[in-house]
**Q** 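A single structure is presented below for examination.
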Amino acid sequence: MKKLILGFTMILVLTLAACSNTGDEWDSTSQISVYTRDTSSGTRAGFMGGIGFDEAVEDDSQLVDGFVINDNTGILTSMLTDEYGIGYISLSSLDGSVKGLQFDGVDPTIANVVNNTYGLKRPFNYVLRSLDDYQNDTEKNISLAFIAFMETTDGADIITNEGAIPLDSTNTWDDIKDNYSVCSQDNSDVTIRFGGSDSIEQIAKALTEAFAPKCGNFIPEHDHTGSSDGFKRTQGSEKDGDNYKHIGFASRPFKDSETGSIGTQGQLAWDAIVAIVHNDNPLMSVTSEDLRKIYGGQFLTWDECL
Amino acid sequence: MNTLKLWLTSLKDSLRVNSKKEFVDLCMRSLFLLTTIISASFIIIIIIFILREGIKPFLSNNDGLGRVNLVRFLMGTTWLEGRAFFSNMYGVGFIIINTLYIALLSLVIAMPIGVLSALFIAKIAPKKLSQILRTVVELLASIPSIVYGLFGSGVILVFVYNLGKIFGIQSKGGNSVLATVLVLALMILPTITALSEVAIRSVSKEIEHGSLALGATKTQTNFKVVLTSAKSGIFTAAILGVGRALGEATAVSLVAGNARSGPSFGLFDTTATLTSTMLQGLKETIGLDYDIRFSVGIVLMIVIVLTNAILNFVKRRIGNVNVK
């Protein structure tokens with residue numbers, strides 16, 4: 001008798017569960033659940049900057065009430081469950097389980113980032129000291145070798161592992177290392193100083209960690225304080241100060257005032273971000289204005305932006 | 001000079017060893033003393049470190065941001081007003097309330113289940129079964145918190161989200177007070193079960209036999225005699241459970257939603273605890289935004305000490321029955 005009742009209850013529970021999963025339609029009058037990264041996140045800086053909502057980069061009170069803070073994976077998995085959620089993740093972590101929204105009508109793909117049509121992205125740039133401004137040739141040659149290494153497939157793999165999108169590369173380091181004789185000598189007493197954007201810090205550290213053993217074990221020293229220090233401390237006003245750097249990074253395009261001497265600046269990667277929603281959401285494309293209104297709280301329900 | 005000599009002789013006296021055996025004994029005793037000093041000094045070192053870092057935001061100028069206002073910090077209902085790295089208006093008042101509220105709710109769920117399972121394992125289950133169950137509980141207690149967190153974000157969030165839909169409430173993907181409470185209840189359940197089980201087993205047989213001899217049934221004995229006799233031990237289990245609930249960070253931050261203002265009392269609202277707030281962005285932030293997390297750590301330690309003191313006081317008040 002008891003078993004019978006148990007069996008019945010089980011069937012009842014299972015049908016209930018099944019009903020709740022398939023029974024209802026996507027409801028456009030529902031509230032938008034907004035997901036964001038923490039204020040210290042580089043992805044958040046890239047996203048808010050990219051949609052022209054700079055005030056919200058470091059200020060949670062600019063955002064709509066009731067937002068959820070989570071990390072990259074947390075936001076991705078939340079979109080599997082939350083039919084009415086919207087979030088943003090690094091493009092390299094987008095997979096088929098959620099819907100990546102078109103930005104201004106362009107599909108969020110790595111190809112579209114590299115050919116510069118997808119808009120929600122920012123460049124990761126580097127700047128060297130001027131070529132005549134090194135204390136000795138060893139420092140200059142290691143710096144140049146490092147730039148060359150970033151542009152090899154070895155460097156590209158490291159950049160991809162850190163979640164950014166490298167530019168096209170064809171050579172491996174083994175192909176080109178003969179051009180950099182400095183790497184065959186012992187450089188263990190040479191310190192090369194890296195600085196600039198803190199968004200690029202992880203990538204830069206991973207790159208130097210892999211490159212130092214390949215180039216005579218020079219000592220990389222990282223002190224990443226922000227994009228504007230990238231140029232300032234290599235070729236700008238602080239280039240001869242205590243905080244001088246050999247190589248600086250900026251996670252944005254260089255400004256006109258930051259034009260350095262020829263052959264010292266370039267791009268190592270793209271950081272692309274994609275807005276994601278649940279697969280059931282009919283929304284296909286967003287503009288930066290839509291996203292600004294969603295995150296700023298002017299759009300509260302989904303039918304306002306469909 | 002004289003005093004030194006005197007002191008040295010007295011030291012020699014006290015260290016005088018008559019045989020090799022006593023010498024070994026002395027060595028062992030000093031070894032034990034040394035290990036005790038090491039383990040005890042760590043707590044002091046940690047407290048000093050946390051205090052030194054955590055007090056800084058209230059005393060120093062914070063690189064031009066100005067001192068953090070302590071009263072505002074303790075009473076605030078928004079984590080940070082203004083831009084991060086440019087504002088000193090932090091507040092944790094709502095987070096303290098959230099933390100206590102969540103710990104209390106998880107205890108309310110875990111306590112009855114834990115104590116009744118303990119009663120089953122200790123008194124009712126056949127010997128073979130209870131041995132298996134005891135191993136299962138011990139295994140559960142040793143599962144790392146990140147695993148509970150992953151289970152929470154994969155299963156409990158979906159469950160809470162669907163549960164909300166049944167009630168017509170649209171939760172934020174399940175990130176909520178309820179999800180946090182369920183994860184914490186799961187985590188403290190083995191602790192409570194294991195400790196209660198020990199407490200129940202150590203109730204002396206005489207009391208139990210007395211009750212049975214007076215004509216009480218097994219169930220009456222278990223509830224009215226065994227559980228009441230073990231209440232002190234069960235309370236200890238609750239204290240340790242609350243401690244774990246208050247201190248859990250990883251699992252909580254995966255399911256809480258990390259609200260930045262509050263307090264949140266609604267079961268489907270997003271929330272934040274002291275630990276999850278400390279953890280958010282800890283690895284990426286700098287300056288005052290980093291230091292203030294140590295201040296939150298001090299608040300957390302005070303909350304835990306106070307909670308434990310109150311619970312211990314209550315425990316003493318409810319008294320103790322003759323147990324082994």
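Labels below follow one simple rule: chain letters A, B, ... track the order of the sequence lines, proteins then strands, and each chain is numbered from 1.
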**Q** For A:S61 and B:G82, work out which heavy atoms get closest and say how close.
**A** OG-N, 4.3 Å
**Q** Is it true that a side-chain atom of A:Y84 and a backbone atom of B:K172 form a donor plus acceptor pair closer than 3.5 Å?
**A** no
**Q** Less than 4.5 Å to any heavy atom of chain A: does that hold for the side chain of B:S264, its backbone, both, or neither?
**A** neither
**Q** Is it true that atom CG of B:N61 has more than 12 heavy atoms of other residues, nucleotides or ligands lying nearer than 6.0 Å?
**A** yes
**Q** If every non-hydrogen atom of B:T270 is compared with every non-hydrogen atom of A:F67, which pair is closest and at what distance?
**A** OG1-O, 4.4 Å
**Q** What do you reckon, is OH of B:Y290 surrounded by more than 12 foreign heavy atoms closer than 6.0 Å?
**A** no
**Q** Taking atom CZ as the centre, does B:F85 end up with more than 12 heavy-atom neighbours from other residues, nucleotides or ligands that are less than 6.0 angstrom away?
**A** yes
**Q** I'd like to know whether CG of A:N243 has more than 12 heavy-atom contacts from other residues, nucleotides or ligands below 6.0 angstrom.
**A** yes
**Q** Relative to chain B, which of A:N70, A:V57, A:L63, A:D59 shows the most heavy atom pairs under 4.5 Å?
**A** A:D59
**Q** Please report the closest heavy-atom contact between A:S78 and B:N175, naming both atoms and the distance.
**A** OG-ND2, 3.8 Å
**Q** Less than 4.5 Å apart, side chain to side chain, heavy atoms only: is that true for B:K165 and A:E83?
**A** yes
**Q** Heavy-atom distance under 4.5 Å to chain B: side chain of A:I75, backbone, both or neither?
**A** neither
**Q** Please look at B:S153 and chain A and tell me whether the side chain, the backbone, both or neither of the residue comes under 4.5 angstrom of a heavy atom of that chain.
**A** neither
**Q** Any chance CZ of B:F265 has more than 12 other-residue heavy atoms, nucleotides or ligands included, within less than 6.0 Å?
**A** yes
**Q** Any chance you could measure B:D289, atom CG, to A:T39, atom OG1, to the nearest 0.5 Å?
**A** 5.5 Å
**Q** Who wins among B:G173, B:A259, B:A272 for the most heavy-atom pairs under 4.5 Å with chain A?
**A** B:G173
**Q** So which atom in A:Q31 and which in B:Q170 form the shortest heavy-atom distance, rounded to 0.1 Å?
**A** O-NE2, 2.8 Å
**Q** As a test of understanding, state which of A:D38, A:I69, A:V68, A:D71 forms a side-chain contact (heavy atoms from CB on, under 4.5 Å) with B:N258.
**A** A:I69
**Q** Between OG1 of B:T78 and CG of A:D60, what distance do you get to the nearest 0.5 Å?
**A** 10.0 Å
**Q** How about A:E209: does its CD atom have over 12 heavy atoms from other parts shown lying under 6.0 Å from it?
**A** no
